[in-house]
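Structure record follows, encoded as structure tokens.
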2 protein chains.
Amino acid sequence: MASQRPGPNLSRIATSLGVSVATVSNALSGKGRVSDALIERIRAHAAELGYVPSQAGRALRTGRSAVLGLVLPDIANPLFPKIAQAIEYAASAAGYGVLIADSRGDITAQTEAINRLVERGVDGMVVVPRRATRISGASCPVAVIDTASTPGNTVAADHWQGGKEIAAHLASLGHKQILIIGNNHESNVQNDRAGGIRAGLQPGMRSETLWIERLENETGAGCRLGLAKKARQGFTAFAALSDLQALRALTELQQDGISVPADVSVTGFDDLIWSPVVTPSLTTVRMDMDTIAEIAVSALVNRINESGTREGVLVTAHTERVPMQLIIRQSSGLANPAPKTSEMESL
Amino acid sequence: MASQRPGPNLSRIATSLGVSVATVSNALSGKGRVSDALIERIRAHAAELGYVPSQAGRALRTGRSAVLGLVLPDIANPLFPKIAQAIEYAASAAGYGVLIADSRGDITAQTEAINRLVERGVDGMVVVPRRATRISGASCPVAVIDTASTPGNTVAADHWQGGKEIAAHLASLGHKQILIIGNNHESNVQNDRAGGIRAGLQPGMRSETLWIERLENETGAGCRLGLAKKARQGFTAFAALSDLQALRALTELQQDGISVPADVSVTGFDDLIWSPVVTPSLTTVRMDMDTIAEIAVSALVNRINESGTREGVLVTAHTERVPMQLIIRQSSGLANPAPKTSEMESL
DNA sequence: GCGCCGCGCTTAATCGTTTAATCAATTGCA
DNA sequence: TGCAATTGATTAAACGATTAAGCGCGGCGC
């Protein structure tokens, strides 16, 4: 009949049960002193009415929004789905919502995005920074997920160790000459991965590194990488620093009639969505994004709970590096002892 | 010195200027009656203090959170980056934040995710539904982005027309036998795309459809699709219903020594991130996600603004179908008139 | 028997904003 | 000049939750 605003609130429950709002609040939160019997009655009635606390009211009173921000600055990052999923899951388990702010690749847009989140009153935020950028002090706790070598990094996959896993794997298959294929040499993540590979090489092995972006600046976007020539020069393994580059290498090699893994091996990083389904399926290294997200979120939540004064700080976590896991699939195999031509070590 | 809570609020500005909070509020929102001179003074002072309105206070009073929810139920959907980016951009331009809720592929989790969003008080939400699911009435406006054939769909790319573009393109290249490669025959999107392709075939052309999920149920995940055999049977074009399947087809064909596009053509859908960089780069059809997002968001915003009683309804938009754009790259070429063996039309 | 303690609940203040209602002062018009 | 209308501001209530403080009452100790 005479309907008020939709959705029951504390006072509705209170009057309906003949108690005060404070008691209802205490009963539901379990904080004050309420008799067990009354707690039961109140909870039952609240559930029956389908009561959902108003985040707005709560936020206004407590000064906490129970929302975290997620800043993903790298445009159309193929890791986006996994990261977002993992962060959302971890945050949601901790009782937080996740507000996204994608700055379309732009660096100024990154700070803008961060400001938008702050204005919306997020309690903290997770930032996966655009390469070689520093997070300007936002006025709330910030967790950075990048890589161990980044100053201020909170938690990340152990990209270096991942690289070593790749190197060890290729070494065990008898590969001697490895071409590392990266995109951008300013990326801390890619540098750590490449460094790990180099550090993991056995005596008698050597590597060379090809940066795609540098090549494309000369030759144009989407250009050939010239991998067939590299194969003829004696490289038997192509270790890409991301599955995207691995895919690019794989298809170029195949197009040139070089068989993977019979002639050469190809490996990647990240275990992206296509890795298991291409032919041959990609040997890669997977990051444990769920664990990373959980660490990042709990670091944030801890800081939020302890600090009354919402200062802007980079939070730190107990565990900074989460091990990566080697996934061996079809694209890596024994080194072919007889390369097509014998120009070995000519370059 | 004696510091209060951080961040200036209306009352701080008010006392500092010797006026009432209401006047400040009116001056900033431009709603009530305030003299022009005072409006100027207040705005200047607010800007100087770096005033940001409290979303919590405003939300509590107005009943609007200025936040939209985004539900992406398909696990690790490779379109996620584009969708999220586009929605976030459109929402942000309209003054809304975007709260994400990924239900990890689960259907019950989809309703759970929707509930989480509702509990957080979103004003509306954009749902990209898991295949063949209906959105149970959430208690706020909902925009559905799927495909035109889905009941309740708000706006989507014109997948059917996209399919016709592909068919026309392949027809113009002289292809007669086309193998359509889809993942799941229950997906409305994939069905519309396949339907469009079939509808676009010229007289003398024929198509067959291969559903990967059905095949994998028998043969196991990650199995071969047997495309080489299909090629021998006379199929010269492989039209995948997503770039992911196109990539799978491309690499399998290459692995079997079949050259693309010299021997056969491969096309995809969606222009995913790897499409331009694989070799050969993928001919595909791109959806105008920015336009779609803008339509969906403005439909939501309209409904939010007109309806005082936040009812749960599927909103409708003026434009329901947004045209897709054919991107011709290297993976499609003239039909090879002489297939390797001549078992044509044997199957 | 008196006072104190603690339990169980209520009262009331508060967070920051919006907005209807009100009010004083000035202007307009006859 | 007197009354109404308009302008430019204030006052106060409200949104829904949390939480410190208060208060009556029964039990316990001495």
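As the structure is a computational prediction, the values presented were derived from the model and not from experiment. Letters go in sequence order (proteins before strands), and every chain restarts at 1.
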* To do: Using a heavy-atom cut-off of under 4.0 Å over every strand shown, decide if B/Ser25 touches base, sugar-phosphate, or nothing.
  => base
Which of A/Leu68, A/Leu70, A/Ile100, A/Ile292 passes side chain to side chain contact (heavy atoms under 4.5 Å, CB included) with A/Ile87? Answer is A/Leu70
Separation of C/dG16 atom P from A/Glu119 atom CD, nearest Å, is 17 Å
Atom CG of A/Leu10 and atom P of D/dA14 are separated, to the nearest Å, by 18 Å
All heavy atoms of B/Leu314 vs all of B/Gly152, minimum pair found to be CD1-CA, 3.9 Å
Less than 3.5 Å between a donor and an acceptor, one on the side chain of A/Arg61 and one on the base of D/dT18, is that the case here?
yes
Here the distance between atom P of D/dA14 and atom CZ of A/Arg12, to the nearest Å, is 15 Å
Would you mind classifying the nucleic acid contact of A/Ala56 as base, sugar-phosphate or nothing, using non-hydrogen atoms under 4.0 angstrom? nothing
Are A/Asn188 and A/Ser149 close enough that a side-chain donor and a side-chain acceptor fall under 3.5 Å? no
Output yes when at least one side-chain N/O atom of A/Lys31 is less than 4.0 Å from OP1 or OP2 of D/dT18, else no. no
Within the structure shown, what part of the strands sits under 4.0 Å from A/Ser20 by heavy-atom distance: base, sugar-phosphate, or nothing? base
Note to self: Looking only at side-chain N and O atoms, does A/Ser20 offer a donor or acceptor that is under 3.5 Å from a partner on A/Thr23?
What the structure shows: yes
In whole angstroms, the gap separating P of C/dC7 from CD1 of A/Ile39 amounts to 13 Å
Separation of C/dT18 atom P from B/Asn9 atom CG, nearest Å, is 12 Å
Of B/Asn26 and B/Leu60, the one whose closest nucleotide on DNA chain C sits nearer the 5' end is B/Leu60
>> Side chains of B/Asn9 and B/Arg12, heavy atoms from C-beta outward: is any pair under 4.5 Å?
In response: yes
ask   = For A/Ser35 and C/dC9, is the shortest distance between a side-chain N/O and OP1 or OP2 below 4.0 Å?
value = yes
Touch check for B/Thr23, heavy atoms < 4.0 angstrom, all strands: base, sugar-phosphate only, or nothing? base
Q | Any donor-acceptor N or O pair under 3.5 Å, side chains A/Thr291, A/Asp288 | A | yes
Among C/dT17, C/dT14, C/dT10, the one nearest any side-chain atom of A/Val19 is C/dT10
Double-helix bend of the helix from C/dG1-D/dC30 to C/dA30-D/dT1, axes at both ends from 5 pairs, round to 10°, gives 50°
Quick note, A/Ala22 side chain, CB onward, closest among D/dG16, D/dT10, C/dA12 is C/dA12
For nucleotides 4-6 of chain D, tabulate all protein N/O to nucleotide N/O atom pairs closer than 3.5 Å, reporting atom names and distance.
none

Here the distance between atom P of D/dG16 and atom CD of A/Gln55, to the nearest Å, is 14 Å
A/His45 and A/Leu17 have their tightest heavy-atom pair at ND1-CD1, 3.0 Å
Looking at A/Arg321, is its backbone amide N or carbonyl O close enough to the side chain of A/Thr319 to form a donor-acceptor pair, meaning the two atoms are under 3.5 Å apart? no
Here the distance between atom P of C/dG16 and atom OH of B/Tyr51, to the nearest Å, is 10 Å
Separation of C/dG16 atom C1' from A/Arg58 atom CZ, nearest Å, is 18 Å
Does the side chain of A/Tyr96 reach to within under 4.5 Å of the side chain of A/Val67, using non-hydrogen atoms? no
Notebook entry, point to check: Any donor and acceptor pair, going by atom type alone, linking the side chain of B/Thr154 with main-chain N or O of B/Ala143 inside 3.5 Å?
Noted result: no
*A/Thr62 side-chain N/O to C/dC15 phosphate OP1/OP2 under 4.0 Å*: no
